Amino acid sequence: MKYRFLLFFVGSFILLSLSVSAQVPVSTGGLELTASAENPSPGQTVTITAKSYTIDINGAKVSWTVNGVVKKSATGATSLDVVAPELGKTLSIRVTATTQEGKLVLSSITVGSGSVDLILETDGYVPPMFKGKVAPVYQNTVKIIAMPHIANAGGVEYDPKTLVYQWKKNDRVLEDQSGYGKQSISLVGDIVPRPYDITVDVWSKDNVAHSQGRMGVVVGEPTINFYVNDPLYGTLLNQAIKSVIGIGSQKETSVIAVPFGFNKTSSGVGGLSWSWSVNNSGHEELSSSQSVVLRAPDDTDGSSNIQLDIKNTDKILQGASSGFTATFATPKDKTTESSTL
């Protein structure tokens, strides 16, 4: 009799539990939460949105809690704005939706913070002391460096050298350049150049902290700038010749061409081919010269069009054309000027 009593008691308990569950069905798979930013920076506002394909969430009572504190509870409250925490901290967001029939669905999401800055460098040429950066050019080798900002629970940022990196070009993982401490990648320019996206996911070794960086890379043609090569001050790199240069009373001006973005040695013309022309007349004697000396003719007013074509004999996609106009005038006779006043 004792065994029968125990069996009956356990069976009654199971039936009672099932009947309670049937009255308030709970689903952890009927609610989908999405964040407006996958990798927010500290202090960034993030919108969390709730969707459901199993209930009418717009007619349900939706409650939001953040780290255990109720932040919103109202019918049809399908979104909540939160502020991303400081580095190393997280927000635990829990959402429950109850229909008028008593059906309950719930879900949760964790919001952290972090960022990855991506720095792009190319091996395209720029002149010495040039403060800017040149955009990627066809067949340049591009180096991309990740500067992650993720922290442990104490808010201390990880040493970038101790993190794990997964690099992707478009959606293809660059396995040979991904891994522990691989903070940068190098990509050789394609023969058929197309824009592409670079994505890097960065994790701590214990897989607790994570962030992601992304950038688009667009390649283009190299360019040519012209500068006055002053005999006293040297090349005046602070101001490029726009479209016209006037040859003054000195009757002679030296102009140097600077190829931006081409692959060349830091000194000399490297593997570049230079084709200068004046008023559509070629000058083969300048085929290896980076500069040209302009001399104004005597007792003549006028102008000349100077054109330069540069090609890289080693990288067939690297080529550019540019030019300017040189104007000159006959010096005025000061005696004549004074007599006519």
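Not measured: the values here are computed from a predicted model.
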Within one Ile-Leu-Val-Met-Phe-Trp-Tyr cluster: L317 and I310, side-chain cutoff 4.5 Å: no
Aromatic ring pairing Y227/F260, orientation class (parallel under 30°, perpendicular over 60°, tilted between): tilted
Nearest heavy atoms of G271 and T313, plus distance in Å: O-OG1, 2.8 Å
Within 6.0 angstrom of E284 CD, more than 12 heavy atoms from elsewhere: no
Between OH on residue Y158 and NE2 on residue H149, distance to nearest 0.5 Å: 15.5 Å
Residue K311 excluded, over 12 heavy atoms near NZ under 6.0 Å: no
Smallest separation among heavy atoms of S52 and L31, with atom names: CB-CD1, 4.1 Å
Whether over 12 other heavy atoms sit under 6.0 Å from N280 CG: no
Linked, directly or transitively: V142 and L118 (ILVMFWY side chains, under 4.5 Å): yes
Test side-chain contact (heavy atoms from CB on, under 4.5 Å) applied to E32 and S107, step by step: CA-CA 7 Å; E32 177 184 318; S107 187; over 6 Å; no
Contact summary for V62 and G76, nearest pair of heavy atoms: CG2-N, 4.4 Å
Note, N305 side chain near Q307 side chain (heavy atom, < 4.5 Å): no
From CA spacing to verdict: side-chain contact (heavy atoms from CB on, under 4.5 Å), L163, S204: CA-CA 5 Å; L163 299 174; S204 58; 4.3 Å; yes
Heavy-atom side-chain contact between P148 and E157 under 4.5 Å: no
V164-V200 co-clustered via ILVMFWY side chain contacts under 4.5 Å: no
Value rounded to 0.5 Å, distance of OG1 in T122 from CG in N140: 4.5 Å
Heavy atoms of other groups near K169 NZ, more than 12 under 6.0 Å: yes
Linked, directly or transitively: V83 and I93 (ILVMFWY side chains, under 4.5 Å): no
Polar contact flag, side-chain donor to acceptor under 3.5 angstrom, D123-N263: yes
Euclidean distance, N39 CG relative to D201 CG, rounded to 0.5 Å: 7.5 Å
Least distance between heavy atoms, T162 atom then K205 atom: O-CG, 3.4 Å
Close side-chain approach of M147 and Q183, heavy atoms under 4.5 Å: yes
Spacing of CG belonging to L308 relative to CZ belonging to F226, to within rounding of 0.5 Å: 5.0 Å
Residue Q44 excluded, over 12 heavy atoms near CD under 6.0 Å: yes
side-chain hydrogen bond (donor to acceptor under 3.5 Å, both in side chains) pairs, two or more places apart, involving residues 82-99: T99-E101
OG-CH2 distance between S291 and W274, expressed to the nearest 0.5 angstrom: 9.0 Å
Backbone of R172 reached by a side-chain donor or acceptor of N170 within 3.5 Å: no
Greater than 12 external heavy atoms within 6.0 Å of K72's NZ: yes
Within 6.0 angstrom of D159 CG, more than 12 heavy atoms from elsewhere: yes
Over all atoms of both residues, closest heavy-atom pair of T54 and K103: O-NZ, 4.2 Å
Stepwise side-chain contact (heavy atoms from CB on, under 4.5 Å) test for Y165 and I185: CA-CA 10 Å; Y165 299 81; I185 59 172; over 6 Å; no
CG on L33 to OG1 on T49, rounded to 0.5 Å: 9.0 Å
Donor on one side chain, acceptor on other, S281 and N279, under 3.5 Å: no
